[in-house]
Amino acid sequence: MDENTIWITNEDGEEFEARILFTFESEETGKKYVFLQGPGEEESDSCAAYEYTDDGDLNEISDEEMEMCEEVLNAFLDEEIL
């Protein structure tokens, strides 16, 4: 495992490795967010966004938070491509 991957245990107790693509903290919500790419998604542009805590817990986010996360990710990708 490298510093850009984490192990996640799902609701069924199954563990899998996920790649950390991008993290940021929102001034608007005061929360921290992470974009993860899980197994089977390595060859695609697919990823998932979660809120994360200082304790390392991942929490699902609301539709409004997802929209904000998508905007941040798109802005980041636009800067990286230029």
Side-chain angles (χ1 to χ4, degrees):
M1 182 170 100
D2 65 38
E3 63 186 48
N4 292 327
T5 62
I6 61 171
W7 284 92
I8 298 175
T9 303
N10 67 14
E11 297 165 346
D12 298 326
E14 300 170 321
E15 289 188 339
F16 62 93
E17 188 175 23
R19 184 171 160 224
I20 300 169
L21 299 176
F22 181 80
T23 64
F24 74 98
E25 186 170 352
S26 169
E27 291 179 11
E28 181 180 324
T29 66
K31 297 179 181 179
K32 298 175 185 176
Y33 299 93
V34 61
F35 287 91
L36 300 175
Q37 187 176 48
E41 297 176 334
E42 295 85 4
E43 300 299 322
S44 72
D45 292 336
S46 178
C47 65
Y50 297 92
E51 175 205 355
Y52 71 95
T53 66
D54 290 335
D55 295 330
D57 295 326
L58 294 177
N59 301 308
E60 293 193 18
I61 60 175
S62 68
D63 290 340
E64 293 82 18
E65 288 175 303
M66 180 58 78
E67 288 178 24
M68 179 211 35
C69 287
E70 288 174 352
E71 289 175 13
V72 169
L73 181 62
N74 287 334
F76 175 77
L77 292 174
D78 286 346
E79 287 180 21
E80 288 295 306
I81 292 173
L82 297 177

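Just so you know, residue 1 is the first one in the sequence shown, and it goes up from there. Computation of the quantities below employed the complete heavy-atom set of this structure, encompassing side-chain atoms and omitting hydrogens, waters and symmetry-equivalent molecules.
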Is it the case that more than 12 heavy atoms not belonging to D54 sit under 6.0 Å from its CG atom?
no
Testing the basics here: between L36 and L21, what is the closest heavy-atom pair and its distance to 0.1 Å?
C-CD1, 4.4 Å
V72 versus F22: any side-chain heavy-atom pair under 4.5 Å?
yes
Around atom CD of E25, are there more than 12 heavy atoms from other residues, nucleotides or ligands closer than 6.0 Å?
yes
Measure the CD-OG1 distance between E14 and T9 for me, rounded to the nearest 0.5 Å.
10.0 Å
Give the C-alpha distance, both sets of side-chain angles, the deciding distance and a yes or no for side-chain contact (heavy atoms from CB on, under 4.5 Å) between T5 and I20.
CA-CA 5 Å; T5 62; I20 300 169; over 6 Å; no
Quick one: pull up CG in L73 and CE in M66 and give me the separation to the nearest 0.5 Å.
10.0 Å
Look up atom CD in E51 and atom CD in E60, then write down how far apart they are to the nearest 0.5 Å.
11.0 Å
Just verifying a value: how many Å separate I61 CD1 and E67 CD, rounded to the nearest 0.5 Å?
10.0 Å
Return the CD1 to CD distance between I8 and E15, rounded to the nearest 0.5 Å.
10.5 Å
Identify the two heavy atoms, one from F35 and one from C69, that lie closest to each other, and give their separation to 0.1 Å.
CZ-O, 3.2 Å
Provide the closest heavy-atom pair for M68 versus F24 in the form atom of the first, atom of the second, distance.
CE-CZ, 4.3 Å
From OG (S62) to CD (E64), nearest 0.5 Å
4.5 Å
Quick one: does any side-chain atom of D57 pair with a main-chain N or O of T53 as donor and acceptor, under 3.5 Å?
no
Can the ring centroids of Y33 and Y50 be said to lie less than 6.0 angstrom from one another?
no
If you define the side chain from C-beta out and look only at heavy atoms, does anything of V34 sit under 4.5 Å from L58?
yes
